[in-house]
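Down below is the structure, laid out as structure tokens.
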Amino acid sequence: GDSGGGSSSGDKVTYLTAFGAVGRDAFAWVAQEKGYFRDAGLDVTIRLGAATGENLKVLAAGQAQFANLDLTGTWILAGKGEYPDVRAIAAIHQQTLVSIVSLAGAGITTPKDLEGRKLGAATGSVNQLLFPAYAKLAGVDQARVTWVNAPPAQLPALLASNRVDALSTFLIGAKGLEKAAGGKKAVVLPYSAYLPELFGNGLIAPLAITRDQPDLARRFRDAALKGLAYTMEHPQEAAEIMKKAQPAADITAAVGEITLMAPYVKTSGVIDRQRVAAEIDTLQKNGLIPPGLTPDTAVDFALAPAG
Amino acid sequence: MIGLDRVSRTFPTRDGEVTALSDIDLRVDKHEFVAVIGRSGCGKSTLLRLMAGLLAPTSGTVTVDGAPVRRPRADVVLMHQLPALLPWRTALGNVMLPVEIRRLPRADHRVKAAELLDAVGLTGFHHRHPYELSGGMQQRVALCRALIQQPRVLLMDEPFSALDALTREELATQLQAMHMSAPATTVFVTHSIAEAVLLADRVVVLSTRPGRVRQVLDIALPRPRSFGHSAHVAEAAGYVAELHDLLLHD
Amino acid sequence: MIGLDRVSRTFPTRDGEVTALSDIDLRVDKHEFVAVIGRSGCGKSTLLRLMAGLLAPTSGTVTVDGAPVRRPRADVVLMHQLPALLPWRTALGNVMLPVEIRRLPRADHRVKAAELLDAVGLTGFHHRHPYELSGGMQQRVALCRALIQQPRVLLMDEPFSALDALTREELATQLQAMHMSAPATTVFVTHSIAEAVLLADRVVVLSTRPGRVRQVLDIALPRPRSFGHSAHVAEAAGYVAELHDLLLHD
Amino acid sequence: MNASRPVLPVAGALAAIGIWWGATAVFGIRPLFLPAPPDVVAAFRAQPGYLLCETGATLLETVTGFGLAVLLGLLIAVTLTASRTLERAALPVLVALNSVPKVAVAPLLVVWLGFGPRPKVVLVLLICVFPIVVATMAGLTSTPSELGELSRSLSASAWQTYVKIRLPWALPQVFTGLKVAVSLAVIGAVVAEISNPSGGLGAVVVLSGMSFDTPLAFAAIVLLALLSTALFYLVVAVERLLVPWARAIAG
Amino acid sequence: MNASRPVLPVAGALAAIGIWWGATAVFGIRPLFLPAPPDVVAAFRAQPGYLLCETGATLLETVTGFGLAVLLGLLIAVTLTASRTLERAALPVLVALNSVPKVAVAPLLVVWLGFGPRPKVVLVLLICVFPIVVATMAGLTSTPSELGELSRSLSASAWQTYVKIRLPWALPQVFTGLKVAVSLAVIGAVVAEISNPSGGLGAVVVLSGMSFDTPLAFAAIVLLALLSTALFYLVVAVERLLVPWARAIAG
Ligand SMILES: Nc1ncnc2c1ncn2[C@@H]1O[C@H](COP(=O)(O)OP(=O)(O)OP(=O)(O)O)[C@@H](O)[C@H]1O
Ligand SMILES: Nc1ncnc2c1ncn2[C@@H]1O[C@H](COP(=O)(O)OP(=O)(O)OP(=O)(O)O)[C@@H](O)[C@H]1O
Ligand SMILES: [Mg+2]
Ligand SMILES: [Mg+2]
């Protein structure tokens, strides 16, 4: 599973994917395979990440230098003072991909249909934390929605077995869900329809890197974004590259993810200061974080592409 | 009652087979008391275990009541050379074990068990566990456990080996009395020639390696017999001397 | 050499204390051979375990060479009433155990161990495991394990109980020879009065419950002695009768 | 000796806490990774009712699952030792099934058995049963040959042999299995609760972990440790009660 | 009897597979929940090299961790049985530490020990060591009193008593612990790999789960089961080799 490059030259860095080896993370292996990292003088080891919190701990412990993380989740934690010492350096998903996903025939076509239903989500995920804000804007009585916690890997089975009526998950997982549900069509209600200011995944580095080694961060960012651009253009090849490094990956599912996330991706990785401010505002208004977090403590705008 | 027909028994070991018993022919009649003597390691215990159905003969047949012995029978009781007491049961509990297993009436046998324990000198030790008893006491508990079953065939493997001379004499005398009043077919392995002469109708002398029947001696003394104080003291001494010589010139 | 001074030993049990030994005064001189006889359960094994330092007296003191015995000493060897062989070692391996533990020269003692095993009649069984040996054979292995240590004090608890009369006689005779050529201070518990008279300088008779010294009898017979064939047969018989009576009227 | 009875374990516990505290202080470990004891105490004192209630939930699942595992484990062990054929055919399958990681099974159990306590009890059962089976089988096959001959010569039925001789003899070894199993039982309950955090201390661990409240997570872990230790010593106490003879015949 | 040697376990395995297959067919279970055997075989045949290589990684971690656990477990057990004081002080702490769910510890180990094989080996060690300690302690304290007296009367040093008498006597019970531990070892490796999926069959399980490839996950689980079974029977074989006398004196 070690995807460390063959060359021993270059700065050694460890990079954590967002969630194992699925389509949304394929660009890292593309950057590796295509030599973008090497060309940038980097010797990157790609490690498979788990949940946002675990990945943050690994960053904090200095076991990794860069990670692909859910920016909204990271900022909630940073805002609560739990983990302020990281900075975003590029956005992968311009908008959050968090969505309500149910199966066709379950009778959930609008947010309102969620009332009186059971909703599954990854234990402690931001999906649940964001729901009140979403519910308010979508006119759902959130008191009438029952939440069920489960590990991420377990969610599809819960939906497919009708243990829950809908999931709050990333919309790019919908293809996999359809496959899991035996071909039933998935109904997707993205949070971004009501909360357009929220970001999705992004590249993150500890303050120690962005402050003390900005050049390293810049080189990494550019190489990774180059991989992202190539991935968006060649989803099939990107999936195959990832599969080569991670044989447990599934090409069809990965291609599906890459295609589904395309509308939310800007390959420039731009992070817009106004939108960051708007997101922080939304998070504070909904009581998810106390006042205090500013765009500059969330994002290193010297490093983040500006447009 | 018990018949052994050209019975041999070998044990496999890493360096070849050991023949414990070879070509044994022996009949024990109903109610007869047969003593078995022989040097240590000659196969006495093996012989009893064959009769008890705990071992199968390598060749030949063992019969009880004419039926081949394939497994232990309820009417044949073996008193093992080791006490083999259950450490979690008291003396009384150990004696009651066969009663429970054979589903005999408990209340009656409880009284009988207590009587037996008293008879072998264990008054006051009924509720002691084996590890609180001396070696000889443990052996006496095992004896009571065999006797309480009142079997038709009683096989005893050195039942008095851990006892002092006097207790031994007392118990041998009691055993004789029991055998006279309610005779069980008995095969009695002993190291004491005097004991064999006291108790047995016939004494079987085994030779060593491989164990064979060297001689069978009829003890033609009237009962009850006693150790050295009877009218037949000279005859008894003669038997003892004869058996002694038989063993000596093995 | 060994001194017991008003020694008592009680055991706690659920229903009160059991007094195994009470108020024992006893001295065993250097190179002396003392036999201990007494009814089953009178405290013989307890006595030896006190001398071996395996048990502490409840009151009184046990000394060896004038020093109180607090733990087992290297120069005092106990042969236990049970063989207590290690099941994973062969006969020879079991005999060699003390050699290994005491770090004696192995090669020499290996030869000696083999000689001892041959001497007790276990030729051909050196490489058998305990479960492949008869009860008497196991006991002889335990005997060899005690003898190989050539201790200054040898404590033996019914060493011949599992042996037939003849093997017993042979081994007793050998033990006598060994004691004459290289005398160890010996305390020898036995059930056989004849054996006690054959071997001992003095015989200690214990009474039962609580165990007390009932009598100490000096055996004033010249050595080497033998069973029944010597010039002193009448004297020996007298001792035997006297000890028998002592036990009988306990 | 007797006066020191409660002193020693307490001393051991204090030493352990001391090392823990010292480490957090000396290495300056952040509470996020390893909170110091006072943080944990504070976390507990913030909401003792909630934590104790969740402890109760975990306890109930653990005890139920453990109890079922004891019954099932004894049954399997007796069955497998009764027939050599059955043992040779079934034991490998049992070993293979046991090696399926319980963490992977936990989600499936929820799918099959719903969100209630049932999947948790079943997971505890699954994780406990194997040590009990292995230890009981070892105990049942270690009856000394003279006791084996005794029961055979008494023509004891298979049932009687087990109840009167082999099982009592095996008890000390059964308790070895029970001691291992009982500490796995708590772990099993926690694994199930982590995978389906609808209650219990496992849910506290995972939920507080998600919200980066490591002291609360540690308060739950400390309660788990206490729970597990209490259950372990309960098993030890039952052992002392049932098999006093085992200590008497050991030297 | 001897002719049937390999037949029985194979029959047992076939029966188990049959039940599994039958269940998927009769209840119409979807491959997502429980793939049928052919799906799993197909998943294996799609990339055997990869799966075998990951099996090797898991095997290495398992064996290393297990080996260390054996050493450490024996050491702890010997230490604790050597001194009653130490046992009373340290055992409760050990029990408490053991009850900390390993699943919760796994992520921390990565933080402390990095991504290499070290946190995995350590987790295997942690999960294995307790059954070994408990079983070895039980074995060491079950020396029959006559053997205990023998070693005392030989004035054997503590070390000699252990090496020559108590440890050999304890071996059958030590192996009970080893058998339980070896199957936990595999589980430990998987838990570690799931939490840090950088290699091994646990990574395959979790990654294939993420991409909804349940047959591949099951192929990995089946390999785990085979691995675990093989290791279990390896321990059994070593036991037969080292303690043949235990079976000889049992009846
Ligand atoms: N399980 C076994 N394996 C190998 N050899 C055995 C086994 N059981 C007995 N033997 C051998 O068979 C022979 C006879 O043993 P047995 O126990 O019958 O003797 P015994 O006459 O009862 O002796 P003792 O008077 O010493 O008890 C001995 O040589 C012994 O070594
Ligand atoms: N551990 C113990 N607990 C309780 N009582 C004991 C214990 N050990 C010995 N006794 C008691 O002490 C008394 C003497 O026992 P001991 O074993 O010394 O007798 P003995 O003379 O060797 O008998 P035997 O000739 O039968 O071996 C007996 O009544 C016995 O019940
Ligand atoms: Mg015999
Ligand atoms: Mg005694």
Side-chain angles (χ1 to χ4, degrees), chain B residues 11-15 18 20 37-46 80-82 90 120-122 124-125 127-129 132-140 157-158 160-171 189-196 208-209 227-228 240 243-244 247-248 250, chain C residues 11-15 18 20 37-46 80-82 90 120-122 124-125 127-129 132-140 157-158 160-171 189-196 208-209 227-228 240 243-244 247-248 250:
Chain B
F11 290 100
T13 68
R14 256 154 317 149
D15 26 68
V18 168
I37 63 174
R39 310 285 304 247
S40 168
C42 72
K44 304 181 292 296
S45 299
T46 306
H80 203 276
Q81 187 167 3
L82 295 172
T90 61
V120 299
L122 290 177
F125 290 87
H127 301 293
R128 291 286 147 73
H129 284 85
E132 295 173 312
L133 301 176
S134 77
M137 291 168 151
Q138 292 181 21
Q139 198 172 37
R140 284 179 273 167
D157 199 352
E158 303 179 24
F160 304 148
S161 63
L163 301 176
D164 61 287
L166 276 170
T167 311
R168 237 182 140 118
E169 282 179 24
E170 285 167 17
L171 291 183
V189 170
T190 181
H191 286 147
S192 161
I193 296 172
E195 217 164 73
T208 317
R209 242 160 279 157
F227 281 98
V240 169
L243 289 169
H244 202 277
L247 278 181
L248 196 63
D250 185 12
Chain C
F11 291 101
T13 67
R14 255 153 316 150
D15 25 69
V18 169
I37 63 174
R39 309 285 302 246
S40 168
C42 71
K44 304 180 293 294
S45 299
T46 306
H80 204 276
Q81 188 167 4
L82 294 173
T90 60
V120 299
L122 289 178
F125 288 87
H127 300 294
R128 290 287 147 72
H129 284 84
E132 296 172 312
L133 300 176
S134 78
M137 289 168 153
Q138 292 181 21
Q139 199 172 36
R140 283 179 274 166
D157 198 352
E158 303 179 26
F160 305 149
S161 63
L163 300 177
D164 60 290
L166 276 171
T167 309
R168 241 184 135 117
E169 283 178 23
E170 285 167 18
L171 290 183
V189 170
T190 181
H191 286 145
S192 160
I193 296 172
E195 217 163 73
T208 318
R209 243 160 282 154
F227 280 99
V240 169
L243 289 169
H244 201 277
L247 279 181
L248 196 63
D250 185 12

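Every chain is numbered from 1, with letters handed out A, B, ... down the list of sequences.
- The two residues D164(C) and G38(B) come nearest to each other via the heavy atoms CB-O, 3.5 Å.
- Neither the backbone nor the side chain of Q139(C) has a heavy atom closer than 4.5 Å to any heavy atom of chain B.
- Between M137(C) and S40(B), the shortest heavy-atom contact is N-OG, 3.6 Å.
- Between chain C and the options T13(B), L122(B), L82(B), the largest number of non-hydrogen pairs under 4.5 Å is found for T13(B).
- Side-chain contact check for S45(C) versus S134(B): every heavy-atom pair is 4.5 Å or farther apart.
- The distance from atom OG1 of T90(B) to atom CZ of R14(C), rounded to the nearest 0.5 Å, is 8.0 Å.
- How far NE2 of H127(C) is from CG of D15(B): 8.0 Å, rounded to the nearest 0.5 Å.
- Proximity to chain C is limited to the side chain of R140(B), based on heavy atoms less than 4.5 angstrom apart.
- Neither the backbone nor the side chain of S192(B) has a heavy atom closer than 4.5 Å to any heavy atom of chain C.
- Between atom CG of residue L243(C) and atom CG of residue L166(B) there is a gap of 10.5 Å, rounded to the nearest 0.5 Å.
- Ranked by non-hydrogen atom pairs under 4.5 Å with chain C, the options E158(B), Q81(B), R128(B), K44(B) are led by R128(B).
- With a threshold of 4.5 angstrom between heavy atoms, E169(B) approaches chain C through side-chain atoms but not through N, CA, C or O.
- Within the 4.5 Å cutoff, the side chain of E132(C) has no heavy atoms near those of the V18(B) side chain.
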